[in-house]
Structure formats: C-alpha cells, structure tokens
Amino acid sequence: VSNAGVGMAGPLECQSLAAMQSLMDTNFFGLVRLVKEVLPDMKRRRGGHIVVISSIMGLQGIVFNDIYSASKFAVEGFCESLVVQALRFNVSISLVEPGPVMTEFETKLYEEAERADYSRTDPETAEIFTKLYLRNSKDVFTSLGQTPEDIAEHTLRVIEAARPPFRHQTNVAYTPMAALKHADPSGALMTDAFYKLVFKYDTVLRFGLR
C-alpha cells in the first residue's frame, strides 16, 4: 500500500519551485520507487496487489491545488499505463481515490495557508484564495469530509476483493464532478461549471454544503 503524500494549496506564484519538486518527489516518485522495488518479485511469483492512495484530484483538477493535482494526475497516469502489463503477470493495481479527509494533514495545510505571505501574487488572486477558496474549503471538509477510519475501511474492501477494482472512489458526492470530464471531451462543461461555482454561485454552494 502506497500512502505517502504531502499537500500544497495556494496561488502558483507563491509556491517555490523547490517546494513543488519536493512534493512531486514524495507524491509521485515515492510511488515509483516503491513499485520498482516490489514489482519484479511479484512478476516472478505471478501474483501480487499494489494499492495506491490517490485522490479525486487525480481525476479532476481543483482551483489553487495546481501542483498537488498534478502529482496525483501523474500517479493516475503511471498506474493506468502500468496496469495492463501487470495483469499479464497476475498482479493487480488499485487506485483508492478519496475526496476530502478530516485529518491533521489537512488542518495543518490550511492553517499554514491562512498565515502565508501572498505578496508575490496580485491582490485580486490573493483575495480570491483567502476569502473564497479557504472559506469554501472549510465548508467542504465539514460537510463532505470522511474520517481516516472510513478511508481505511474502503481500502480494506479493495484489498480483500476477489477481483480488485482498478479505481475505487470513496466518496459518492464526487462522482458527478469526475463524470463531467467524460460527458464533454472538450472540457467546456467542466470548466464552466467550476467557474460558476467559484465565482458566481459561491453563496449558493456554501449554503448547500451547510
């Protein structure tokens, strides 16, 4: 089970390249290093199961989570490419894709975001992040967040499955969001929906979540 991960949220201009590279080294290359270690023996034994804790943000990018989403997209692409070869050797790969999870990981991330220096971006972007994004995120976590125990139960179900799924989303509330991309390959439907949620109907969004 590959579970190591770090988060990053905020305006792109305020993130250092070193921090971005460090995040990718943990979230993506950490997985790659693990798979390189375990896969050869699994192939020799012609049996095994690699379970990867991904994220709904590996299927759908979320505003102000550019680098974190990129790392999870990399995880999804890596596993999607590898799974066909792995199946030839009777090795299963499963991606567990949670939405928001209520842990100290997220609490610390948002506390740091509230204290951060946003002078390297323009005032409008800083205000959108601090006044809209952070406020909405708290409502999302309060209303839709899962507990670590819930994610553990989902992961155990995947591990014990007779035919392990390649993808398993833990939060049904996010299924429509992920489906938007498949409904319209041009991306216009998804982009328009998210733009309106963030910039036009954020009051309705917060009310609905509460």
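Remember, it's a predicted structure, so these values are computed and weren't measured experimentally.
When every heavy atom of Ala86 is checked against every heavy atom of Ile93, the shortest pair comes out as CB-CD1, 4.0 Å. Residue Met102 comes nearest to Gly145 through the heavy atom pair CE-O, 3.4 Å, listed as atom of the first residue, atom of the second, then distance. Taking both residues in full, the closest heavy atoms of Ser94 and Pro164 are given as OG-CB, 3.6 Å, listed atom of the first, atom of the second, then distance. Between Asn27 and Gly5 the shortest heavy-atom distance is OD1-CA, 3.2 Å. Nearest heavy atoms, Gln15 versus Met20: O-CE, 3.4 Å. Taking every heavy atom of both residues into account, Leu95 and Cys79 meet most closely at CD2-SG, 3.8 Å.
Proximity of a side-chain donor or acceptor of Lys181 to a complementary backbone N or O of Leu59 within less than 3.5 Å is detected. Using modelled atom types, one side-chain atom of Ser71 and one backbone atom of Tyr68 make a donor-acceptor pair closer than 3.5 Å. At least one donor-acceptor pair under 3.5 Å links the side chain of Asn90 to the backbone N or O of Arg46.
No side-chain heavy atom of Glu97 sits under 4.5 Å from any side-chain heavy atom of Lys72. At a threshold of 4.5 Å between non-hydrogen side-chain atoms, the residues Arg167 and Glu80 count as touching. Between His49 and Val91, every side-chain heavy-atom pair lies at or beyond the 4.5 Å cut-off. The closest side-chain heavy-atom distance from Val52 to Ile50 is below 4.5 Å.
Annotation: the span from Ile67 atom CD1 to Leu23 atom CG amounts to 8.0 Å, rounded to 0.5 Å. For the atom pair CE (Met24) and OG1 (Thr26), the distance works out to 10.5 Å, reported to the nearest 0.5 Å. Put simply, NZ on Lys36 and CG on Leu31 are 12.5 Å apart, with the number rounded to the nearest 0.5 Å. Considering OG of Ser22 and CE of Met8, their distance stands at 7.5 Å, rounded to 0.5 Å. Taken from CG in Leu144 to CG in Asn171, the straight-line distance is 6.0 Å, to the nearest 0.5 Å. For the atom pair CZ (Phe78) and CZ (Phe28), the distance works out to 6.0 Å, reported to the nearest 0.5 Å.
For residues 156-189, the pairs satisfying ring pair (Phe, Tyr, Trp, His ring centres under 6.0 Å) are His154-His168, with sequence neighbours left out. Each salt bridge (Lys or Arg N to Asp or Glu O under 4.0 Å) pair with one or both residues in residues 20-33, not counting sequence neighbours, appears once here: Asp25-Arg33.
By the side-chain contact (heavy atoms from CB on, under 4.5 Å) test, Gln21 pairs with Leu17, sequence neighbours left out. Phe199 pairs by the side-chain contact (heavy atoms from CB on, under 4.5 Å) definition with Ile128, Leu132, Tyr195, not counting sequence neighbours. Residues forming a side chain to side chain donor-acceptor pair (under 3.5 Å) with Tyr133 (at least two apart in sequence, or on another chain): Asn65, Tyr110. Judged as a side chain to side chain donor-acceptor pair (under 3.5 Å), and not counting sequence neighbours, the contacts of Asp150 are Gln146. Among residues two or more places apart in sequence or in another chain, the side-chain contact (heavy atoms from CB on, under 4.5 Å) test is passed with Glu127 by Lys131. Qualifying side chain to side chain donor-acceptor pair (under 3.5 Å) partners for Arg45, counting only residues two or more places apart in sequence or in other chains: Asp41. Legend: residues meeting side chain to side chain donor-acceptor pair (under 3.5 Å) with Ser81, ordered by chain and number and at least two apart, are absent. For Thr125, the side-chain contact (heavy atoms from CB on, under 4.5 Å) partners are Pro11, Phe64, Thr121, Asp122, not counting sequence neighbours.
Put simply, Phe73 and Val63 are part of two different groups of oily side chains (I, L, V, M, F, W, Y) that touch within less than 4.5 Å, one to the next.
Side-chain contact, Glu76 with Ser54: a donor N or O sits under 3.5 Å from an acceptor N or O.
Through direct or relayed side-chain contacts under 4.5 Å between Ile, Leu, Val, Met, Phe, Trp and Tyr, Ile159 connects to Val1, Val51, Ile53, Val96, Val158. In this structure, Ile151 belongs to a hydrophobic cluster whose other members, linked by side-chain heavy atoms under 4.5 Å apart, are Val101.
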Applying side-chain contact (heavy atoms from CB on, under 4.5 Å), run through Leu39 and Phe89 and close with a yes or a no. CA-CA 10 Å; Leu39 186 60; Phe89 294 88; over 6 Å; no
